[in-house]
Amino acid sequence: MSVAVVKVAVPGPLAGPLDYRAPAFPPPVGARVQVPLGRRRVVGVVTGHAGESELPPDRLRAVETVLDETPLLDTELLALLRWGAQYYHHPLGDCIATALPRRLRQGAPATPGEERYWRLTEAGAAANVTALRARAPRQALLLAELQAAGVLRPAQLPGMGGDARGALERLASRGWAEVVQRRDYGLIEGDSEDPAPALNREQADAAAALAAATGFTALLLDGVTGSGKTEVYLDAIARCLAAGRQALVIVPEIGLTPQLLTRFRRRLRGRLAVLHSGLADGERLDAWLAAREGVADVIIGTRSAVFTPLARPGLIVVDEEHDASLKQQDGFRYSARDLAVIRAQRLDLPVVLGSATPSLESLANAGRGRYRHLHLGERAGGARPPRFGLLDVRGRPMQEGLSQPLLQRVREHLDHDGQVLLFLNRRGYAPTLLCHECGWMAECERCDARYTYHRGRARLHCHHCDREQPLPRHCPECGSVDLRPLGLGTERVEAALEAAFPETSLVRIDRDSTRRRGSFETRMEAVRRGEARLLLGTQMLAKGHHLPAVTLVGIIDADQGLFGADFRAPERLAQLIVQVAGRAGRAERPGEVLIQTHHPEHPLLQTLIHHGYPAFAQAALAERQAAGLPPERSLALLRAEAPGAAAPRAFLDAARNTAPATRVELLGPLPAPMERRAGRYRAQLMLQADARRDLHALLDVWLPRVAALPEARRVRWSIDVDPVET
Ligand code: ADP
Ligand code: ZN
Ligand code: ZN
């Protein structure tokens, strides 16, 4: 077949690849090309070749520029993206765009950044610095530096005074130094300085199961916090590197800390590439290319790292697999965990999903025998699990949300050299500002939500659309100046704790207090060194950090999560409590966890504190089964939003009416739990099916009809397969 036509996946809402006339030397599948699209010019990826097009010749436009001579996306990654496009019913071009670093999306060449530096030559090593000093003092200084260090990098030059670059060029022209230009991927060099600890029995069993896995095996590493899951990953990764293969490690955003990277660097011998949203575009590109070219041995990154091309893949790890941040919430709504499993299956590799609080989905998969279930029940190093207690606060006097018994225990722990962690999952001073005269409440104009009062910044801030307002001086309804904060946020509890424990150093950790780069780490460091004795924070505290000196954990308000609108709310709450509790305690001093609640009899809390997370999860799974919710049944949401309330309803009604009758159950349309957000009204139609297959069969025939509805043009709509927020 002569290739006259290339199929190009372009970014945007178009469902399938488009036909373009191929140049004389057609680009291979997986290469990027620049093509005209309407009046724009876009970067797309070649997904196929054809002898001819169904388009009439005069409508067939030509490829303008071929950006890659060789495929940028290999067959495996392209096939994974195709799979994802089909499963999540999202346009392939947009899936590909999600997978590519921005620079590549914009058409930049697929080459890493270069580093330029100066290196001493043999002649330079023999040259006489003293003789040079009189004639060219700056050159003499730099030559002496070079003779001592061997190389000089641009970053070192500012300290050398004057025109150091010029002086180096002159040294180079004398043949005493040479300019070196090399590709630099910005990798972290692992030095395996730290010896691996001897694994305990459970760890060794888990590690052996992993070592024995040849080909695709999915393992659920279900280990209490501090049980040494990371050691099991490290053991498997080291084995993988020794076999000359690459390991891909996916962690939630908040889990990717300098602490974790240091641990990996000091334990592994190999080059580490890091991928997360905080990278500059160039850094991201370099890390991506290093993985693709096989220069990096370990790729550690957040959600989108699941799409990193791998030259010699050997192992995939997903840490904190229950974490909601592994699911993308807009555009290509993929689950990095689920795609990691699919990718491992297609690559025929082992994949480990680790968590102290596994998702009900993964537990169900383990129950059905799809995942091998590995348990780590003991804390490594002999630390004992914390003791749980419920604090019934009904009818008790409270000081800014803190009951007397809790304050009392805080004092006792502090008096006994303990460290105390208090958890409240709400930042700001108070979630509401209320007029005491007339009852007016400060509400966001764009959302069905109240403004959060931030006292430090003296602002009202909507946590749903990010809108900010200066603090009103008086009530807009009645003019009263008696405006009062209602409810609790971390800022408010911080003030109360400072008043109650004026002598104790306190650190607050939430998104407001850690806005500056590195401040989260600085604060956690102060906690680890024991300088801060009282620690107060949001769910930022629940992940990734071991705080062995913490002896008391207080959950200030468990009631928030008990009655959430989302059917996953109890699961989330249980995971948060267990994760926060898991920060505490060590061998000689087991931790204590106190949970304040107005609902001490609640079955969820009872099961959780008396029987632990596994028992809770079994009960929650049984409930989901009875209610016909995931993971028992498969779920998808058709969402729609528009500036008015009518359009989303009309669209979803019309969509419902075009759906063929199948075994899939349609529920709704219903308003979204928060109907108006950022000035847009939102509604949704829920699809439920016993068999995933039926759901996908329906979506395949139905979505094209939905897209063609005239009502679809008046809304923004999307389909979310396996939603984590409903
Ligand atoms: P997890 O990932 O399950 O939360 P980690 O792997 O971070 O647990 O281990 C918790 C702590 O226990 C770490 O400080 C780690 O160095 C230590 N640790 C883990 N395994 C062992 C072991 N076999 N012997 C001694 N210390 C260990
Ligand atoms: Zn008022
Ligand atoms: Zn808002």
Side-chain angles (χ1 to χ4, degrees), residues 194-207 221-237 249 251-252 255 257 259-260 262-264 266-267 317-321 352-358 374-385 431 433-452 459-469 472-484 486 528 542-549 578-587 674-680 682:
D194 289 351
L199 299 182
N200 64 31
R201 180 63 195 274
E202 288 180 323
Q203 286 173 312
D205 287 349
L221 185 58
D222 179 351
V224 301
T225 322
S227 60
K229 293 182 291 298
T230 311
E231 289 303 331
V232 176
Y233 308 150
L234 284 167
D235 184 84
I237 295 167
V249 183
V251 298
T257 58
Q259 203 194 5
L260 181 76
T262 307
R263 189 162 168 197
F264 270 59
R266 296 176 62 98
R267 284 290 308 284
V317 175
V318 182
D319 192 24
E320 310 286 3
E321 65 84 30
V352 198
L353 312 179
S355 176
T357 51
L374 304 171
H375 295 270
L376 303 181
E378 311 248 304
R379 290 187 165 195
R384 273 177 288 156
L433 188 69
L434 170 81
C435 171
H436 190 56
E437 282 302 319
C438 77
W440 169 84
M441 286 182 280
E443 276 169 4
C444 177
E445 298 80 350
R446 292 154 45 87
C447 304
D448 292 332
R450 304 202 186 110
Y451 275 117
T452 297
R459 313 274 290 173
L460 296 176
H461 183 199
C462 174
H463 289 182
H464 304 283
C465 71
D466 222 25
R467 195 186 183 87
E468 284 205 354
Q469 297 277 343
R473 280 176 214 278
H474 43 73
C475 171
E477 294 286 322
C478 74
S480 160
V481 291
D482 192 358
L483 299 177
R484 299 185 181 183
L486 186 70
R528 268 196 297 278
K543 293 165 195 176
H545 285 266
H546 291 291
L547 302 167
V578 173
Q579 295 279 348
V580 176
R583 306 296 119 206
R586 59 179 165 201
M674 179 185 297
E675 186 178 14
R676 205 165 50 100
R677 184 156 146 184
R680 304 179 70 86
R682 309 177 309 147

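Start at 1 and go down the list; that is how both ligands and their atoms are numbered. Keep in mind it's a predicted model, so treat the numbers as computed, not measured. The first residue in the sequence is number 1, and the count goes up from there.
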Chemist: Could you check if a side-chain atom of Leu199 sits within less than 4.5 angstrom of a side-chain atom of Asp235, using non-hydrogen atoms only?
Modeler: yes

Chemist: Taking atom CZ of Phe264 and atom CG of Leu234, what is their separation to the nearest 0.5 Å?
Modeler: 5.0 Å

Chemist: Rounded to the nearest 0.5 Å, what separates atom OG1 in Thr452 from atom CZ in Arg459?
Modeler: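 So the OG1 of Thr452 and the CZ of Arg459 are separated by 13.5 Å.
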
Chemist: What's within reach of the Zn ion (ligand 3), meaning protein N/O/S atoms under 2.8 Å?
Modeler: Cys444 SG, Cys447 SG, Cys462 SG, Cys465 SG

Chemist: Kindly tell me which protein residues have any non-hydrogen atom under 4.0 angstrom away from an atom of ligand 1, grouped by chain and ordered by number?
Modeler: Pro197, Ala198, Leu199, Asn200, Gln203, Val224, Gly226, Ser227, Gly228, Lys229, Thr230, Glu231, Arg263, Ala380, His546

Chemist: Charged N to carboxylate O below 4.0 Å: is that the case for Glu231 and Arg267?
Modeler: yes

Chemist: Take the Zn ion (ligand 2) and tell me which protein N, O or S atoms are nearer than 2.8 Å.
Modeler: Cys435 SG, Cys438 SG, Cys475 SG, Cys478 SG

Chemist: Going by atom types only, do Asp466 and His461 share a side-chain donor-acceptor pair under 3.5 Å?
Modeler: yes

Chemist: If we only count heavy atoms from C-beta on, is the Asn200 to Ser227 side-chain gap below 4.5 Å?
Modeler: no

Chemist: With rounding to the nearest 0.5 Å, note down the distance linking CD in Glu320 to CG in Leu353.
Modeler: 12.0 Å

Chemist: Do the non-hydrogen side-chain atoms of Thr357 and Gln579 ever get within less than 4.5 Å of each other?
Modeler: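 SC-SC contact between Thr357 and Gln579 confirmed.
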
Chemist: Does Gly223 offer a backbone N or O that forms a donor-acceptor pair with the side chain of Lys229 under 3.5 Å?
Modeler: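 Looks like yes, one N/O pair under 3.5 Å.
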
Chemist: Look only at the side chain of Glu202 and the backbone of Gly377, and say whether a donor-acceptor pair between them is shorter than 3.5 Å.
Modeler: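 At least one qualifying donor-acceptor pair exists.
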
Chemist: Quick one: does any side-chain atom of Gln203 pair with a main-chain N or O of Gly228 as donor and acceptor, under 3.5 Å?
Modeler: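 Side chain of Gln203 to backbone of Gly228, a donor-acceptor pair under 3.5 Å: yes, one is there.
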
Chemist: Can you sort out the partners of Ala449 under side chain to side chain contact (heavy atoms under 4.5 Å, CB included), two or more places apart, ordered by chain and number?
Modeler: Cys447, His464, Met674

Chemist: So, taking the atom named CG in Leu221 and the one named OH in Tyr233, what distance separates them when rounded to the nearest 0.5 Å?
Modeler: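 Leu221 atom CG to Tyr233 atom OH measures 5.5 Å (nearest 0.5 Å).
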
